[in-house]
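Just so you know, these numbers come straight off a predicted model, no measurement behind them. Each residue takes its place number in the sequence, starting with 1.
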Amino acid sequence: MPDVCLPAPNTMFAILPFSDAEVSIALQLAEHLCCVCLPVMSPRDVSEYEQVLWIHPEGLAIQQTGQKAPGPVRVDFLQGAQAHRRLFGGGAGQSVAKAIGIKGKRRPTVLDATAGLGRDSFVLASLGCEVQMFERNPWVAALLADGMKRAAEDPEVGPIIDRMKLFQQDGKDYLTSLTAQSQALNADVIYLDPMFPHSDKSAEVKKDMKAFRTLVGADEDSAELLAAAVAANPCRIVVKRARKAPAIEGVVPSMVLEGKSGRFDIYTFRALPD
């Protein structure tokens, strides 16, 4: 990973090893992320930090602290919701596949500029797309890299992971650099899923998304991100939004694909290659 530091001192997050066996890795990660490495203890006993990055034998995890905190959140492509979606999620009939432009044998190349926990990128890769993933938050990038590393060892899922390339870099900065240097975009579709500022009071929020929002906050530069994506000259831009969220300020979507709980704003500029 590149040398990227979070603002110091970081009073919200720390690294926590599960046992003495993880201390060495925890110290290395704490140095990389420029934050405190705590001694071995239960996350329930941590009071100085809202969340910890838990170095756990089952995989790197975000863990809220305190006595009543929910369980850990980690990237797991082998079990749980991601495995179920891969096996029973509807394949190319899924809304995200339709929005990207998967049809017949056509598999567009995708640049996911806001990778997050990698869920949609994994779906697209499982359907045969080559996906470049950019994640600017080093904590989230570490979680995603750990999940990909574990999944890569699985004989069935490993080939899917091979189609996913992760870059710990701000996707907006990368797209802007392409335009500034007059370099061609190496993708057919740019996929954006910026964090919209939700209210936890308005609806029940799953523990993983609540932890994720606390970690990354809202993406206040969504308009600049969309503008950078347009300037990069893709065939298509797909923006994932909450169903009632406004469209990102700027260019007007060419079409909208609505689902039960969300929608995809689609910006088309030219036909996708077959």
Side-chain angles (χ1 to χ4, degrees), residues 2 4 6-7 95-102 108-121 123-125 129-141 144 164-199 209 212-213 215-259 261-273:
V4 178
L6 298 179
S95 295
V96 66
K98 293 178 180 179
I100 289 295
I102 291 176
T109 54
V110 180
L111 188 153
D112 184 349
T114 54
L117 299 177
R119 293 172 177 172
D120 287 335
S121 285
V123 170
L124 297 173
C129 294
E130 298 285 338
V131 186
Q132 304 168 55
M133 302 181 296
F134 287 79
E135 175 51 52
R136 63 182 172 184
N137 186 295
W139 292 71
V140 178
L144 183 50
M164 302 166 63
K165 307 300 180 186
L166 174 62
F167 302 89
Q168 202 273 283
Q169 183 180 353
D170 190 321
K172 181 188 69 176
D173 290 349
Y174 174 74
L175 293 171
T176 301
S177 71
L178 289 181
T179 303
Q181 299 172 26
S182 299
Q183 295 182 3
L185 176 70
N186 187 27
D188 302 317
V189 180
I190 296 176
Y191 183 74
L192 308 176
D193 183 13
M195 186 66 71
F196 185 73
H198 297 268
S199 172
M209 288 310 299
F212 187 68
R213 289 176 191 168
L215 186 63
V216 304
D219 289 320
E220 304 291 349
D221 57 350
S222 297
E224 291 86 350
L225 175 59
L226 178 59
V230 172
N233 194 32
C235 297
R236 177 180 296 198
I237 298 171
V238 176
V239 180
K240 186 177 183 179
R241 301 294 275 170
R243 188 167 58 89
K244 295 183 179 181
I248 297 177
E249 181 181 353
V251 62
V252 177
S254 307
M255 64 185 82
V256 175
L257 180 61
E258 293 193 3
S261 60
R263 73 171 197 271
F264 294 97
D265 293 346
I266 304 170
Y267 306 76
T268 57
F269 303 101
R270 60 185 182 277
L272 292 167

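The structure places CG of Asp193 at 10.5 Å from CG of Leu225, a figure rounded to the nearest 0.5 Å. With rounding to the nearest 0.5 angstrom, the CZ atom of Phe264 is 8.0 Å from the CD1 atom of Ile100. One distance of note links CZ of Arg119 with CG of Leu124; it measures 14.5 Å at 0.5 Å rounding. Interatomic distance, CG of Leu111 versus CG of Leu192, reported as 9.0 Å (0.5 Å rounding). Atom CE of Met164 and atom CG of Leu144 lie 6.0 Å apart (nearest 0.5 Å). To the nearest 0.5 Å, the span separating CG on Leu226 from CD on Glu249 amounts to 10.0 Å.
Each side chain to side chain donor-acceptor pair (under 3.5 Å) pair with one or both residues in residues 223-238, not counting sequence neighbours, appears once here: Asn233-Arg270. Listed by first then second residue, pairs satisfying ring pair (Phe, Tyr, Trp, His ring centres under 6.0 Å) with a partner in residues 222-244 number zero, not counting sequence neighbours.
Smallest separation of non-hydrogen atoms from Cys235 and Pro273: SG-CD, 4.1 Å. Closest approach of Pro194 to Ile248, counting heavy atoms only: CG-CD1, 3.9 Å. Looking at every heavy atom in both residues, Pro108 comes nearest to Leu272 through CG-CD1, 4.0 Å. Of all heavy-atom pairs between Ala187 and Thr109, the closest is CA-OG1, 3.3 Å. When every heavy atom of Cys129 is checked against every heavy atom of Ile102, the shortest pair comes out as SG-CD1, 3.7 Å. Across Leu185 and Pro234, no two heavy atoms sit closer than the pair CD2-CB, 3.6 Å.
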(Q) Show, in sequence, the C-alpha distance, side-chain angles and deciding distance for Val96 and Lys240, and conclude whether the side-chain contact (heavy atoms from CB on, under 4.5 Å) test is met. (A) CA-CA 9 Å; Val96 66; Lys240 186 177 183 179; over 6 Å; no
**Q.** Verdict with supporting geometry, Val251 and Tyr267, side-chain contact (heavy atoms from CB on, under 4.5 Å)
**A.** CA-CA 8 Å; Val251 62; Tyr267 306 76; 3.5 Å; yes
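Between the Glu135 side chain and the Gly116 main chain, a donor and an acceptor come within less than 3.5 Å of each other. A donor-acceptor distance shorter than 3.5 angstrom exists from the side chain of Ser254 to the backbone of Thr268, with no hydrogens or angles considered. Listed for the Arg241 side chain is a donor-acceptor partner under 3.5 Å among the backbone atoms of Pro246.
Just one of Asp170, Asp173, Thr114 meets the side-chain hydrogen bond (donor to acceptor under 3.5 Å, both in side chains) condition when paired with Arg136; it is Asp170. The one candidate from Val189, Ile237, Leu257 that meets the side-chain contact (heavy atoms from CB on, under 4.5 Å) condition with Ile266 is Leu257.
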I'd like a table of donor-acceptor pairs (distance under 3.5 Å, sequence neighbours excluded) in which one partner is a side-chain atom from residues 175-182, with atom names and distances.
from	atom 1	to	atom 2	distance (Å)
Thr176	OG1	Lys172	O	2.8
Ser177	OG	Tyr174	O	2.6
Thr179	OG1	Leu175	O	3.4
Gln181	OE1	Gln183	NE2	2.7

